[in-house]
Participant: 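Before I ask anything, here is the structure I am working with.
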2 protein chains.
Amino acid sequence: MTANHSHEDCVVEPALDVLFGKWKVSILYLLFQGTKRFSELQKSIPGITKKMLISHLRDLEEQDVILRIVYPSVPPRVEYSLTETGQSLGPILELMHQWGIKHEEQLMRKRSSEAVTQS
Amino acid sequence: MTANHSHEDCVVEPALDVLFGKWKVSILYLLFQGTKRFSELQKSIPGITKKMLISHLRDLEEQDVILRIVYPSVPPRVEYSLTETGQSLGPILELMHQWGIKHEEQLMRKRSSEAVTQS
DNA sequence: CTGGATCCTTTGTGATACTG
DNA sequence: CAGTATCACAAAGGATCCAG
């Protein structure tokens, strides 16, 4: 996914792959608040199915972004948390968040200034 | 795409949407070098089809990330360039690039230290 | 409670032919 | 040259049922 171009110096794909997926950022967002159980994540993300949650968690785990700890109790208890690699995604998310805000502002300014900017 | 979650304060989706697509970053990467013609983009991104190139360019244009200028000559000439909004994606790409590098390094360190770190 | 397996729909992408 | 249209395919996502 997300390109097989061979522009040698443009290594942004890994981060993109980690972030891509309909619910990945939601999951990461929650885990930035601290360790969460599977059921906590599920109820905190309305609309997500177990399949997708598991699928995304597996992806993130495999990419060493999150840590999965299983407590062999009855019933089973599984906790997910960010690894250091996961934590290091913070600044990226923060920047993208700021960009999202600024972008919205900008679109609003564009609209209100169109009547003036016109020749 | 990329989630309809309702975590009010997590507005990273716009940036993610802009960046997502198999060739989006390749396109942006080239446009960061300056204005490019359609045919330039196409030959600079081996493997991309006209359909995908146009599709992605349309997306980016609609999101106000790139500017499309048509010169009504014969044959037609169209030039694409980054808008200010597009330029502002630079830091994000830069951060993701750095993350990609660091992540690779880290995975390599993990492998070589596994034999030592083991209890 | 956590998670796997199956089936189905939707969306992203590729191949190709056609047009002003 | 820059683009459109159509068909086909793969992958992402959703629904549902099953299991330790």
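Here is the naming used below: chain letters follow the sequence lines, and residue numbers restart at 1 for every chain.
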Participant: Any idea which of dG14(C), dC1(D), dG3(D) is nearest the T49(B) side chain?
Facilitator: dG14(C)
Participant: Please tell me which of P76(B) and I48(B) maps to the more 5' nucleotide of DNA chain C, matching each residue to the nucleotide holding its nearest heavy atom.
Facilitator: I48(B)
Participant: Would you kindly give the CD1-to-P distance between I45(A) and dG14(D), to the nearest whole Å?
Facilitator: 12 Å
Participant: Of the nucleotides dG3(D), dG14(D), dG13(D), which one has an atom closest to the side chain of V78(B)?
Facilitator: dG3(D)
Participant: Counting heavy atoms from C-beta on, name the nucleotide in dT13(C), dT2(C), dA2(D) closest to the side chain of F38(A).
Facilitator: dT2(C)
Participant: How close or far is atom C1' of dG3(D) from atom CG of L57(B), stated in whole angstroms?
Facilitator: 11 Å
Participant: Picking from dC1(D), dG13(D), dT13(C), which would you name as closest to the side chain of R37(B)?
Facilitator: dC1(D)
Participant: Any chance you could lay out the side-chain contact (heavy atoms from CB on, under 4.5 Å) test for I92(B) and W99(A), step after step, and finish with the verdict?
Facilitator: CA-CA 9 Å; I92(B) 295 180; W99(A) 190 90; 3.7 Å; yes
Participant: Side chain of K22(A) only, heavy atoms from C-beta on: which candidate in dC1(D), dT2(C), dG14(D) is closest?
Facilitator: dG14(D)
Participant: How long is the line joining CD of E79(A) and C1' of dC1(C), in whole Å?
Facilitator: 13 Å
Participant: Is the ring pair F20(A)/F20(B) parallel, tilted or perpendicular, if the boundaries are 30 and 60 degrees?
Facilitator: parallel
Participant: A quick test of your reading: do over 12 heavy atoms of other residues, nucleotides or ligands sit less than 6.0 Å from CD of Q33(A)?
Facilitator: yes
Participant: Compute the bend angle of the helix from dC1(C)-dG20(D) to dG20(C)-dC1(D) from the end axes (five pairs per end), rounded to 10°.
Facilitator: 40°
Participant: Write down the distance between CZ (R77(B)) and C1' (dG20(C)), rounded to a whole number of angstrom.
Facilitator: 19 Å
Participant: Each nucleotide N or O in nucleotides 4-9 of chain C that has a protein N or O under 3.5 Å away: list the pair and distance.
Facilitator:
residue: dG4(C); atom: OP1; partner: R58(A); partner atom: NH2; Å: 3.3

Participant: Nearest whole angstrom, please: distance from the C1' of dC1(D) to the CG of L53(B).
Facilitator: 13 Å
Participant: What nucleic acid atoms does Y71(B) come within less than 4.0 Å of, heavy atoms only: base, sugar-phosphate, or nothing?
Facilitator: nothing
Participant: Using the side-chain contact (heavy atoms from CB on, under 4.5 Å) criterion, which residues pair with E79(B)? Sequence neighbours excluded.
Facilitator: T35(B), R37(B), Y71(B), R77(B)
Participant: Starting from P on dA11(D), measure out to CZ on F20(B) and report it in whole angstrom.
Facilitator: 13 Å
